[in-house]
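Below, chain A is the first sequence line, B the second, and so on; all start at residue 1.
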Amino acid sequence: MPELPEVETVVRDLRPLVVGRTIRAVRHGPKKLRKPWQAKWNPLVAGTRIEGIRRRGKWMVVNLISGRAVSAPRLILHLGMTGQFTAVDGAHPAPDHLHLVLELHQGRELRFRDPRRFGSVTFHADEAEVEAFFEQNGLGPEPFGLDPAYFRQAVRGTSRTLKAVLLDQRVVAGVGNIYADEACSLAGLHPQRRGKSLTPADADRLRGAIETVLTKAIEYRGSTIRDYVGGSGLRGGFQNEFRVYGRTGDPCRACGTAIACVRLSGRSSHFCPSCQPTHHKGTKAAQRTTKKTQEGIR
DNA sequence: TCGGCCCTGGGG
DNA sequence: CCCCAGGGCCGA
């Protein structure tokens, strides 16, 4: 569920609410998350102060500082499909599927809940371990300010579909199913196009589209399809701005053609059949191919 | 490089 | 009842 804009929104919401606060106690639920929280971490986290919180791809990192031990441990979180990380008044009744509670000041709590349990919260001794974690993960660069040459090579150097490339966190970190479709739509490229079929200009346009759609989605505080809420419990608003995602059968906002949906990389992939043709028509070679195909059909 | 799987809940 | 869902990982 939560992709880069949603995770960024959570981080921005939580920052003023929790940075500088001391974690008085830690409680955890009985159910195992994808990477299980370990009880031995409780005493390592209790008593520390939250020094900062940041996003990396779809991951969050919480910087802790432990006064007398002079250590700077970290929490790495992932929201999976249905994860929520919120700062609330502890007087609020505990919801279902609550997995970790960090007790702060004056009854305030940082809560991690996740019905489907695809998410995780893990403890790491220091910043070096965080870097090693992302390194081992093969996590790719952030999508903002991407090197154009890098992106052209990453896309045009593969026979995979654009959908598969955009979902690959090693290529670009943070894009998921919604924003992959939206970026392809904005760039006028069919998600089933093979990376190697793109011209350098196509790749540049796609790179720009990724930045544009993610930036706009952050401004709207992310997209709420179902479970997602920001760090203060508010829903997102970008779902009302979707060009193609979840709009199967609805008219394309640009040309009126019905939005279509196919399965790519195991995910529903939405596109406008008219604005996002399967193969390019720009080059002479492509025009010849198109003509031949049409003659063949006749 | 793909499909299956990990989970729970909601909708048709 | 079935199918679907914003993610990632693992093995054929």
Side-chain angles (χ1 to χ4, degrees), chain A residues 1-11 29-37 55-60 76-85 95-99 112-122 133-134 136-140 143 154-155 157-185 191-196 210 213-214 216-218 220-230 234-249 261-270:
Chain A
M1 92 164 179
E3 304 180 29
L4 185 150
E6 290 74 35
V7 179
E8 179 66 24
T9 301
V10 170
V11 164
K31 297 283 195 85
K32 286 190 174 177
L33 296 169
R34 181 160 206 105
K35 300 168 195 279
W37 175 264
R55 180 195 58 73
R56 173 77 174 88
K58 300 177 194 173
W59 300 85
M60 282 179 280
I76 299 182
L77 299 90
H78 198 289
L79 298 177
M81 289 280 258
T82 53
Q84 300 175 337
F85 193 39
D96 286 350
H97 308 294
L98 192 53
H99 297 107
F112 183 87
R113 88 174 276 263
D114 182 3
R116 287 178 75 179
R117 290 188 274 142
F118 288 169
S120 63
V121 190
T122 50
F133 178 89
F134 290 137
Q136 189 174 4
N137 219 285
L139 193 61
V155 174
T158 179
S159 59
R160 303 153 80 197
T161 63
L162 294 184
K163 186 60 177 266
V165 173
L166 293 178
L167 290 179
D168 187 345
Q169 302 299 294
R170 294 169 301 186
V171 175
V172 178
V175 177
N177 206 34
I178 293 177
Y179 301 106
D181 284 4
E182 292 297 310
C184 285
S185 165
Q192 198 160 16
R193 283 276 297 273
R194 304 279 159 180
K196 64 184 179 188
I210 292 168
V213 72
L214 293 179
K216 198 172 161 201
I218 291 171
Y220 280 79
R221 300 180 42 81
S223 308
T224 297
I225 306 297
R226 166 171 266 143
D227 308 274
Y228 168 75
V229 293
L234 263 58
R235 293 163 56 85
F238 195 67
Q239 64 277 7
N240 302 316
E241 308 298 316
F242 289 162
R243 294 167 56 95
V244 291
Y245 186 84
R247 298 190 63 241
T248 308
C261 181
V262 294
R263 201 127 194 114
L264 293 173
S265 294
R267 311 298 215 99
S268 291
S269 305
H270 312 76

Could you tell me whether the phosphate oxygens of [N], OP1 or OP2, come under 4.0 Å of any side-chain nitrogen or oxygen in [X]?
X	N	result
A:Asn137	C:dC9	yes
A:Tyr245	C:dG6	yes
A:His78	C:dG7	no

Who passes ring-ring contact (aromatic ring centres under 6.0 Å, His included) against A:Phe133, sequence neighbours left out? A:Trp59, A:His124

Using the ring-ring contact (aromatic ring centres under 6.0 Å, His included) criterion, which residues pair with A:Phe112? Sequence neighbours excluded. none

List in chain and number order the residues that pass salt bridge (Lys or Arg N to Asp or Glu O under 4.0 Å) with A:Arg117, two or more places apart in sequence or in another chain; answer none if no residue qualifies. none

Collect all protein-nucleotide pairs involving nucleotides 10-12 of chain C in which both atoms are nitrogen or oxygen and the distance is under 3.5 Å.
none

Nearest-Å distance, [atom1] ([X]) to [atom2] ([N])?
X	N	atom1	atom2	value
A:Gln169	C:dG8	CD	C1'	9 Å
A:Leu166	C:dG7	CG	P	12 Å
A:Gln84	C:dG7	CD	P	16 Å
A:Arg56	C:dG8	CZ	C1'	16 Å
A:Leu33	C:dG8	CG	P	15 Å
A:Lys35	C:dG7	NZ	P	16 Å
A:Phe134	C:dG8	CZ	C1'	14 Å
A:Asp114	C:dA5	CG	C1'	13 Å

Check the pair A:Val172, A:Leu166 against side chain to side chain contact (heavy atoms under 4.5 Å, CB included), reporting the backbone distance first and the verdict last. CA-CA 7 Å; A:Val172 178; A:Leu166 293 178; 5.8 Å; no

Can you tell me how far [atom1] in [N] sits from the matching atom in [M], rounded to whole Å?
N	M	atom1	answer
B:dC6	C:dC1	C1'	22 Å
C:dG6	B:dT1	C1'	23 Å
C:dG11	B:dC7	P	16 Å

Let's see if you get this right: which residues in residues 262-270 of chain A place a heavy atom under 4.0 Å from DNA chain C? A:Arg263, A:Arg267, A:Ser268

Side chain to side chain contact (heavy atoms under 4.5 Å, CB included) assessment of A:Leu79 paired with A:Glu6: CA-CA 10 Å; A:Leu79 298 177; A:Glu6 290 74 35; 5.9 Å; no

Answer with base, sugar-phosphate or nothing: what part of the nucleic acid does A:Ser159 contact at a heavy-atom distance below 4.0 Å? sugar-phosphate

May I ask you to say what A:Asp181 touches in the nucleic acid, namely base, sugar-phosphate or nothing, with a heavy-atom cut-off under 4.0 Å? nothing

Considering only nitrogen or oxygen atoms on both sides, find all protein atoms under 3.5 Å from nucleotides 6-9 of chain B and state each distance.
{"unit_1": "B:dC6", "atom_1": "O2", "unit_2": "A:Arg34", "atom_2": "NH1", "d": "2.6"}
{"unit_1": "B:dC7", "atom_1": "O3'", "unit_2": "A:Arg117", "atom_2": "NH2", "d": "2.8"}
{"unit_1": "B:dC7", "atom_1": "O2", "unit_2": "A:Arg116", "atom_2": "NE", "d": "2.7"}
{"unit_1": "B:dC7", "atom_1": "N3", "unit_2": "A:Arg116", "atom_2": "NH2", "d": "3.3"}
{"unit_1": "B:dT8", "atom_1": "OP1", "unit_2": "A:Arg117", "atom_2": "NH2", "d": "2.7"}
{"unit_1": "B:dT8", "atom_1": "O3'", "unit_2": "A:His97", "atom_2": "NE2", "d": "3.4"}
{"unit_1": "B:dG9", "atom_1": "OP1", "unit_2": "A:His97", "atom_2": "NE2", "d": "2.9"}

How many angstroms lie between OG1 in A:Thr122 and NZ in A:Lys35, if you round to the nearest 0.5 Å? 6.5 Å

Answer yes if the side chains of A:Arg194 and A:Thr161 hold a donor-acceptor pair under 3.5 Å, and no otherwise. no

Can you label the angle between the A:Phe242 ring and the A:Phe238 ring as parallel, tilted or perpendicular, going by 30° and 60°? perpendicular

With [X], which residues qualify under side chain to side chain contact (heavy atoms under 4.5 Å, CB included), at least two apart?
X	value
A:Thr9	A:Asp13, A:Arg221, A:Tyr228
A:Arg243	A:Glu182, A:Ser185, A:Leu186
A:Pro95	A:Leu98, A:Arg111, A:Arg113

Where does DNA chain C form stems of at least three consecutive Watson-Crick or G-U wobble pairs, each pair having both distances below 3.5 Å? B:1-6 with C:7-12, B:8-12 with C:1-5

Any pair with a residue in residues 157-171 of chain A that passes salt bridge (Lys or Arg N to Asp or Glu O under 4.0 Å), sequence neighbours left out, goes on the list, sorted by first then second residue, please. A:Arg160-A:Asp168, A:Lys163-A:Asp181, A:Asp168-A:Arg170

Starting from the C-alpha separation in whole Å, work towards a yes-or-no answer on side chain to side chain contact (heavy atoms under 4.5 Å, CB included) for A:Tyr179 and A:Leu4. CA-CA 9 Å; A:Tyr179 301 106; A:Leu4 185 150; over 6 Å; no

Sorted by chain and number, sequence neighbours left out, side chain to side chain donor-acceptor pair (under 3.5 Å) with A:Gln169 holds for none

